[in-house]
Amino acid sequence: MTDADGAGGTGARTGAHAESEPDVVTAPDGEALAPGAVSAPGPDGPVRTSRRFPQVTRDTARPEGGGRAASADAPAPARQWPLLVVLCTTGAGLLTTALGAFRQGTLVIGIALLIGAVLRWTLPRVGMLAVRSRFTDLVTYGVMGLAIVLLALMLQPDPVLKVPFLEDTLHFTIT
């Protein structure tokens, strides 16, 4: 593809065409920049870039809600309190399981993941609890937490939750 003055390649407008259209900005490398397009802040302030996707990815975007959960002047543990709530609850579940109460321990672990899903859904900033997008985190924490809770309730002997077709499925696959 060529420009109006015969130069090929980048699609940047130069010469009289750039002067007649003041909304077109040209980068130092000759690439046409979208008006008002700003990328992440650089060392000398905001850097104007193209709206096109870069050929080489240099950075990853933070997940929404991925900033600190508390202000920067708070101590480090307080800034990550949502993650600490989930980790401490999971640790309590693992300790309970190690002490012999398997069903109660796995219930606590599943509830910890469900708490993580609720925190991710309700709070605008959850620190390092935000791993992916809000929707993906909700689905991941929610499905895993619900699965662990349901499996804990179906543990043998004396399951709290009985699912009739699972027993038939087990007998069908073994025999």
Side-chain angles (χ1 to χ4, degrees), residues 34 36-43 45-175:
V38 177
S39 74
V47 179
R48 297 177 66 86
T49 62
S50 171
R51 288 190 183 192
R52 288 186 255 163
F53 288 109
Q55 291 185 2
V56 177
T57 303
R58 293 188 179 97
D59 196 8
T60 56
R62 288 180 123 174
E64 51 191 86
R68 294 177 173 149
S71 66
D73 58 341
R79 290 192 304 255
Q80 297 299 331
W81 70 267
L83 180 66
L84 289 175
V85 166
V86 174
L87 288 178
C88 288
T89 309
T90 303
L94 289 172
L95 182 64
T96 305
T97 302
L99 294 175
F102 189 75
R103 178 174 297 163
Q104 291 80 2
T106 53
L107 270 173
V108 171
I109 293 170
I111 290 170
L113 286 172
L114 292 174
I115 289 171
V118 169
L119 288 174
R120 187 69 172 103
W121 183 27
T122 58
L123 297 177
R125 302 178 69 78
V126 289
M128 290 174 55
L129 189 63
V131 179
R132 298 156 293 266
S133 70
R134 185 179 305 267
F135 175 77
T136 306
D137 283 343
L138 279 173
V139 169
T140 304
Y141 295 145
V143 168
M144 294 301 292
L146 187 65
I148 291 173
V149 166
L150 290 177
L151 289 172
L153 293 175
M154 290 187 282
L155 281 174
Q156 297 291 332
D158 302 322
V160 176
L161 179 66
K162 294 184 181 187
V163 181
F165 69 88
L166 287 180
E167 187 174 330
D168 296 336
T169 305
L170 179 66
H171 289 296
F172 178 74
T173 57
I174 292 177
T175 57

For [X] and [Y], which heavy atoms make the closest approach, and how far apart are they?
X      : Y      : answer
Asp137 : Arg120 : OD2-NE, 2.8 Å
Val149 : Leu114 : CG2-CD1, 4.1 Å
Pro82  : Leu123 : CG-CD1, 4.3 Å
Leu161 : Met154 : O-CG, 3.4 Å
Ala117 : Gly142 : CB-N, 3.9 Å
Thr106 : Ile148 : O-CG2, 3.3 Å

Please round to the nearest 0.5 Å and tell me the distance separating atom [atom1] of [X] and atom [atom2] of [Y].
X      : Y      : atom1 : atom2 : value
Leu113 : Thr90  : CG    : OG1   : 5.5 Å
Leu151 : Leu107 : CG    : CG    : 10.5 Å
Leu155 : Leu150 : CG    : CG    : 11.0 Å
Leu119 : Leu138 : CG    : CG    : 10.5 Å
Thr97  : Arg103 : OG1   : CZ    : 12.0 Å

ask   = Under a 4.5 Å cut-off applied to non-hydrogen side-chain atoms, are Tyr141 and Leu129 in contact?
value = yes

query = Do Leu83 and Val126 come close enough that some side-chain heavy atom pair is under 4.5 Å?
reply = no

ask   = Short question: side chain of Gln80, backbone of Met128 - any donor-acceptor pair under 3.5 Å?
value = yes

